[in-house]
Amino acid sequence: MSPRSPALPAMPPRAVSLRSLLRHETLLALILLAALALLALANDRFLTTANLLNQGRLMTEVGLIAIAMTFVVITGGIDLSVGSILGLCAVLVGVFWKNLELPLPVAMTLSLGVGTLAGLVNGLIITRFRVPPLIATLATLALYRGLAEGISQAKSVRGYPAWFFELGQGSIVGIPTQLWLLLAAALVGIVVLRSTTFGRATYAIGNNEQGAAFSGLPVARTKLLIYAASGFMAGLAALVFVSRVTTTRSDMGTGIELDVITAVVLGGTSIFGGRGFVTGTLLGLCLIQVLKNGLALSGVRGDGTVVIIGAVLIVAVLISNVLKRWNGE
Amino acid sequence: MRSLLALFVGTSLLATPALAQTPWTGGDDLPATPLACDATVKTVAPGPYNGGAPTGAPNRAGKPLRVVDIPKLVGVGYFASTASGIQQAAKETGSMTVTTDGPTKANIDEQVTFIDNYITSGVDGILFAANDPVAIAPVLKRALKAGINVVGYDADAEPDARQWFVNEAEPNGVAKALIDQLASEIGATGSFAIVTSTFTTPNQARWITEMGAYAAKCHPKLKFLETVEAQEDNILSFNQAQTLINKYGDGLKGIVGMTSVATPAASEAVQQNKLCGKMAVVGLALPNAMKPYINGGCIKSTVLWSTVDLGYAAGLALRAVADGTLKPGATSFKAGRLGELSIINQSQILLGAPKVFTKADINDFDF
């Protein structure tokens with residue numbers, strides 16, 4: 001590979017060797033283990049199966065969206081509208097079920113369909129009209145949230161049947177139901193990104209979109225599918241969320257896009273595209289959740305916790321950059 | 001397209017009689033229960049207890065308690081003052097250590113996570129102000145199941161998800177305080193307009209309906225002009241108040257602000273238009289936000305409950321349930337310096353009538 005000059009940070013990053021990728025993930029895993037050990041020493045209620053499984057329950061919504069977001073960021077894009085899509089889908093489950101009196105499974109399916117459609121619209125705006133993803137999804141962030149608020153009329157829908165709560169509050173073989181969903185989604189994400197032509201096209205687009213297009217790769221179609229998948233995952237997260245908190249509100253998922261992007265970036269995915277792994281994202285996700293929970297249990301207050309998470313994010317990215325530079329030379 | 005048009009016409013026809021029933025725009029369509037015009041308080045039996053109970057709670061009577069207070073959000077004056085009230089209660093009982101912690105934005109998801117973590121950390125008691133009554137219920141029920149005492153204040157959860165709730169004011173009490181104050185400032189036949197958040201915001205809609213009912217009963221000659229929406233946005237509230245002033249001129253004697261944002265913004269509009277003394281602003285607002293206008297003499301009053309007392313009563317209530325002195329079926333609760341508070345709606349402790357802050361005492365309050 002060609003040597004990369006640190007004096008030209010704006011240069012589009014190339015694919016780096018597998019060794020450097022492993023390094024970021026290994027580094028992250030080490031930090032995670034260190035955090036687990038330190039927090040377990042600081043508090044005896046932290047490292048218990050019940051607490052860790054409960055944390056898995058709490059991080060599923062962010063995790064589901066983060067898996068799709070990894071793909072989005074690898075193409076060099078971003079999807080800021082996921083929180084609003086979550087809110088819209090949550091409201092629609094309630095409206096379809098209560099106001100239109102559809103059976104709940106149908107309402108759930110329709111709501112997932114709307115989520116996918118919302119993502120597809122993002123993709124269309126980005127690919128057809130060549131609007132930068134940041135701007136396109138910033139616009140739909142406002143648009144979808146507005147729709148959610150307008151449709152819900154500030155009224156929440158409650159009183160779902162008991163079976164629906166299994167998704168967000170129940171367990172299968174001792175593991176929270178939604179954690180199975182997250183594991184399945186993660187597996188699919190890992191396999192698709194690593195071992196399919198679709199995955200390779202994703203990296204190719206992020207590395208050099210024009211080059212990918214000239215090589216005959218279906219750039220527009222790949223991006224459309226990825227943004228649609230992002231919308232679908234936001235819809236799925238909405239179902240889990242509604243089931244967990246037993247009600248729908250139009251402000252659900254506000255700001256979740258930042259948690260998602262934090263997990264993805266902490267996981268080593270380059271914001272310029274072309275580099276990243278689903279496993280990295282999952283490690284980043286776990287690290288944030290472990291810090292939030294462990295620090296809270298050790299008596300650090302909410303404002304202190306966010307400061308520490310911000311610091312960890314900067315340190316992790318700095319160390320990773322230093323490692324990368326060494327690796328490149 | 002034609003059927004769509006028919007649908008529109010149909011719904012608008014249907015909507016007309018419904019509108020006629022609520023004379024004041026911005027209200028909800030639930031029945032109102034106006035209070036008596038004078039200060040007589042009709043005591044209503046609270047009814048059977050419908051709160052929850054912790055399972056397997058240890059005997060905490062007289063023992064030190066580790067309590068966490070989780071308001072809707074931290075870093076705002078309102079909840080900083082409830083937290084200071086809770087600390088007063090902790091100091092007075094001498095046996096509680098209370099930490100206030102919570103999300104930095106009023107977010108149900110984050111609030112649930114905070115409570116979840118404190119359950120795991122093994123606190124004895126949880127005080128909360130819910131961002132959503134239903135969304136917070138599962139995690140609070142988990143707390144009760146873990147044997148933790150749970151008491152709410154300011155914003156309730158579903159009754160069976162907590163033990164008691166300290167209710168700062170009932171809608172008809174807020175309505176009476178606002179309308180009585182308005183009538184005393186603009187006269188019995190004055191005309192006024194309302195600035196609210198949105199027509200569908202539950203609390204504000206409830207208060208407006210109760211205000212309409214109370215005015216019809218006790219101040220029937222007050223002239224209601226219109227209600228305008230201003231979200232809870234400072235600039236929009238100012239602009240809406242300015243529009244009302246331009247639109248009605250001398251025909252407008254008073255503006256009622258339904259949110260803690262709208263009231264100071266309307267006061268600013270009145271002051272900038274040099275209408276001090278000619279146009280009254282009455283409404284709900286934090287004393288600190290209203291001090292410039294009230295101390296300057298442009299505006300006469302602001303209505304709110306004492307948030308310090310609210311936190312104080314909640315803190316004492318938590319100590320009392322842990323001690324077992326506040327039990328299901330109680331009809332009143334002895335709350336230290338606040339005296340005897342009545343119990344209403346099965347499992348709520350009523351703080352009392354809202355407080356009208358005036359130039360005479362507003363500087364004694366800092367929130």
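Protein chains get the first letters and strands the later ones, always in sequence-line order, with residue 1 at the start of each. Below, all heavy atoms of this structure are taken into account, side chains as well, without hydrogens, waters or symmetry copies.
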Heavy-atom proximity to chain B below 4.5 Å, by part of A:F46: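 For A:F46, neither part sits under 4.5 Å from chain B.
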Chain B contact via A:V300 - which portion, at a heavy-atom distance below 4.5 Å: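 The backbone, not the side chain.
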Hey, is CD1 on A:I175 packed in by over 12 heavy atoms from elsewhere, all under 6.0 Å?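 Enclosed: over 12 neighbouring heavy atoms sit under 6.0 Å from CD1 of A:I175.
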Do chain B and chain A have donor-acceptor pairs under 3.5 Å, and which are they?
unit_1 : atom_1 : unit_2 : atom_2 : d
B:T100 : O      : A:R301 : NH1    : 3.0
B:D101 : OD1    : A:G302 : N      : 2.9
B:D101 : OD2    : A:G302 : N      : 3.3
B:D109 : OD1    : A:R244 : NH2    : 2.7
B:D116 : OD1    : A:N54  : ND2    : 2.4
B:N117 : OD1    : A:Q55  : NE2    : 3.4
B:N117 : OD1    : A:N293 : ND2    : 2.5
B:S121 : O      : A:R45  : NE     : 3.2
B:N131 : O      : A:R249 : NH1    : 2.9
B:D132 : OD2    : A:R249 : NH1    : 3.0
B:V134 : O      : A:T246 : OG1    : 3.4

Given a strict heavy-atom distance threshold of 4.5 Å, which part of B:V134 is in contact with chain A: side chain, backbone, both, or neither?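 Both parts, backbone and side chain.
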I'd like to check the side-chain hydrogen bond (donor to acceptor under 3.5 Å, both in side chains) partners of B:S81; sequence neighbours left out, ordered by chain and number.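 With sequence neighbours excluded, B:S81 shows a side-chain hydrogen bond (donor to acceptor under 3.5 Å, both in side chains) to B:T307, given in chain and number order.
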